[in-house]
Amino acid sequence: MIRKATRSTEDAIDSGRFTARAYFPGHLLPGHPDHGLGPLATIMESFLAPGTHIKLHEHVQDEIVSWVPAGVMRHDDPQGEHLVIDGDHLMVMNAGSGFQHEERTREDDPPLRMLQIFVRPHSRDLEPGIQFGRLPAPVPNAWRPVFGPQGGDAPFHVRNAVSCYDLRLGAGEEAALPTRPDRHTYFFVFTGCLTAGGETFGEAETGLVSDEAAVTLRATEASLVVAFVVDPDAPICREGSVGDGETVHRMAARARTA
């Protein structure tokens with residue numbers, strides 16, 4: 001069984017040059033008391049116009065993954081890092097006890113649409129830090145590992161039981177949704193259109209499979225999909241940036257043009 005949600009209007013913010021929409025995977029489970037799905041707290045779909053500056057701010061506890069399939073997002077922090085996240089590179093902020101940064105786009109950058117993925121860690125006040133580097137080259141019609149639990153084989157890690165994959169599926173092609181025993185799989189269609197389990201999913205629509213039944217994605221047009229395999233019962237720290245669901249409102253106040 002697949003549970004479906006259409007494009008989010010929850011906690012949508014629009015400060016002119018910065019827009020964000022929050023996707024809460026826990027809301028796909030009827031009666032679920034939490035906006036998150038265990039350690040997977042929130043997916044933030046963010047849009048930054050050229051020349052946007054989100055001023056220096058702090059995150060605590062959460063693991064924040066910046067996935068930028070096209071365009072660029074520029075990161076600066078007091079530790080002296082000046083990073084450019086794009087379609088070939090990923091950044092993971094393991095915020096832990098606290099990490100400050102700012103984000104921007106330049107006037108000559110293209111409009112940016114990205115996902116920021118918020119993962120709750122297993123414990124509070126872990127060591128803060130940044131992971132940044134090149135992702136493996138994508139293979140058409142195959143899932144690419146993006147990040148996974150610390151100690152695993154994924155190219156980047158988060159400190160809880162969430163594994164992330166992305167998929168570039170050609171029109172008319174199909175691929176099995178990744179699943180594992182005792183895990184839930186949540187997916188987000190970034191672009192394109194596909195069918196799964198008798199449902200049709202278009203851009204910015206999401207689905208949740210809460211068992212390990214085989215589910216096949218079939219693309220009716222070229223599609224880019226992100227999937228998360230999550231242990232819903234993993235221990236979590238709720239004290240982070242989105243543990244209480246308030247981050248989106250704070251982000252809106254920080255969005256400023258350069």
Side-chain angles (χ1 to χ4, degrees), residues 1-10 12 19-25 27-28 37 40 42-50 65-73 85-90 109-117 134-148 154-156 162-180 183-230:
M1 177 181 179
I2 294 182
R3 295 179 173 89
K4 176 184 174 181
T6 57
R7 184 166 209 154
S8 178
T9 58
E10 293 187 280
T19 303
R21 296 186 180 93
Y23 295 79
F24 298 120
H27 288 180
L28 271 72
L37 184 67
L40 183 61
T42 304
I43 308 298
M44 196 81 67
E45 181 190 21
S46 299
F47 303 81
L48 278 74
V65 181
S66 295
W67 181 80
V68 181
V72 295
M73 191 273 278
I85 302 96
D86 57 18
D88 296 322
H89 297 84
L90 191 81
D109 287 337
L112 172 63
R113 177 180 173 226
M114 62 178 291
L115 297 184
Q116 287 187 302
I117 301 149
R134 183 175 290 274
L135 284 161
V139 175
N141 307 315
W143 292 101
R144 173 177 67 171
V146 176
F147 67 82
F156 298 88
V162 180
S163 295
C164 174
Y165 309 86
D166 62 18
L167 170 70
R168 289 149 181 82
L169 197 60
E173 301 290 342
E174 61 182 45
L177 192 68
T179 59
R180 284 184 56 190
R183 298 289 193 268
H184 292 354
T185 300
Y186 177 76
F187 64 92
F188 182 102
V189 179
F190 193 79
T191 56
C193 185
L194 54 85
T195 62
E199 297 277 3
T200 298
F201 295 83
E203 182 174 295
E205 295 188 326
T206 60
L208 176 65
V209 177
S210 54
D211 56 41
E212 58 182 296
V215 174
T216 299
L217 307 183
R218 295 180 176 87
T220 56
E221 59 185 71
S223 301
L224 175 56
V225 188
V226 188
F228 306 89
V229 181
V230 183

Heavy-atom closest pair, residues [X] and [Y]:
X: Ile2; Y: Gly207; value: CG2-CA, 4.4 Å
X: Glu205; Y: Arg7; value: CG-N, 4.0 Å
X: Leu217; Y: Ala196; value: CD2-CB, 3.5 Å
X: Ile85; Y: Leu90; value: CG2-CA, 4.3 Å
X: Ile43; Y: Leu40; value: CD1-CD1, 4.0 Å
X: Ala175; Y: Leu167; value: CB-CD2, 4.0 Å

>> Do Leu28 and Thr206 have side chains that approach each other closer than 4.5 Å (heavy atoms only, starting at C-beta)?
In response: yes
>> I'd like to check His184 versus Leu208 (side-chain heavy atoms, cut-off strictly below 4.5 Å). Are they in contact?
In response: yes
> side chain to side chain contact (heavy atoms under 4.5 Å, CB included) between Tyr23 and Thr42: does it pass, once the steps are laid out?
Replying inline: CA-CA 6 Å; Tyr23 295 79; Thr42 304; 5.7 Å; no
Between atom [atom1] of [X] and atom [atom2] of [Y], what is the distance when rounded to the nearest 0.5 Å?
X: Ser46; Y: Gln116; atom1: OG; atom2: CD; result: 4.5 Å
X: Trp67; Y: Cys164; atom1: CH2; atom2: SG; result: 8.0 Å
X: Ser66; Y: Ile117; atom1: OG; atom2: CD1; result: 8.5 Å

> ring pair (Phe, Tyr, Trp, His ring centres under 6.0 Å): which pairs involve residues 193-213, sequence neighbours left out?
Replying inline: Phe187-Phe201
Could you list the donor-acceptor pairs under 3.5 angstrom formed between side-chain atoms of residues 222-229 and any protein atom two or more places apart in sequence or on another chain?
from   : atom 1 : to     : atom 2 : distance (Å)
Ser223 : OG     : Cys193 : N      : 3.0
Ser223 : OG     : Cys193 : O      : 3.1
Ser223 : OG     : Glu221 : O      : 2.8

> Which residues satisfy the ring-ring contact (aromatic ring centres under 6.0 Å, His included) test with Tyr165, sequence neighbours excluded?
Replying inline: none
> Residues two or more places apart in sequence or in another chain: which of them pass ring-ring contact (aromatic ring centres under 6.0 Å, His included) with Tyr186?
Replying inline: none
>> Applying salt bridge (Lys or Arg N to Asp or Glu O under 4.0 Å), can you list everything that pairs with Arg113, at least two apart in sequence or on another chain?
In response: Glu45, Glu203
> Any side-chain hydrogen bond (donor to acceptor under 3.5 Å, both in side chains) pairs touching residues 169-180, not counting sequence neighbours?
Replying inline: Glu174-Arg218
>> Quick test of your reading: applying side-chain hydrogen bond (donor to acceptor under 3.5 Å, both in side chains), list the pairs with at least one residue in residues 187-202, sequence neighbours left out, ordered by first then second residue.
In response: none
Donor-acceptor contacts under 3.5 Å from residues 140-148 side chains, at least two apart:
from   : atom 1 : to     : atom 2 : distance (Å)
Asn141 : OD1    : Gly170 : N      : 2.9
Trp143 : NE1    : Ala176 : O      : 2.8
Arg144 : NE     : Asp166 : OD1    : 3.0
Arg144 : NH1    : Pro136 : O      : 2.7
Arg144 : NH2    : Asp166 : OD2    : 2.8

>> Run the side chain to side chain contact (heavy atoms under 4.5 Å, CB included) test on Leu135 and Asp88 for me, step by step, so that the C-alpha distance in whole Å, both residues' side-chain angles and the decisive distance to 0.1 Å come before the verdict.
In response: CA-CA 6 Å; Leu135 284 161; Asp88 296 322; over 6 Å; no
> Who are the side-chain hydrogen bond (donor to acceptor under 3.5 Å, both in side chains) partners of Arg3, not counting sequence neighbours?
Replying inline: Ser210
>> I'd like to check the side-chain contact (heavy atoms from CB on, under 4.5 Å) partners of Asp109; sequence neighbours left out, ordered by chain and number.
In response: Val72, Arg74, Thr105, Arg106
> Would Arg21 and Phe47 count as a side chain to side chain contact (heavy atoms under 4.5 Å, CB included) if you check the C-alpha gap in whole Å, the side-chain angles of each, and the deciding distance to 0.1 Å?
Replying inline: CA-CA 9 Å; Arg21 296 186 180 93; Phe47 303 81; 3.3 Å; yes
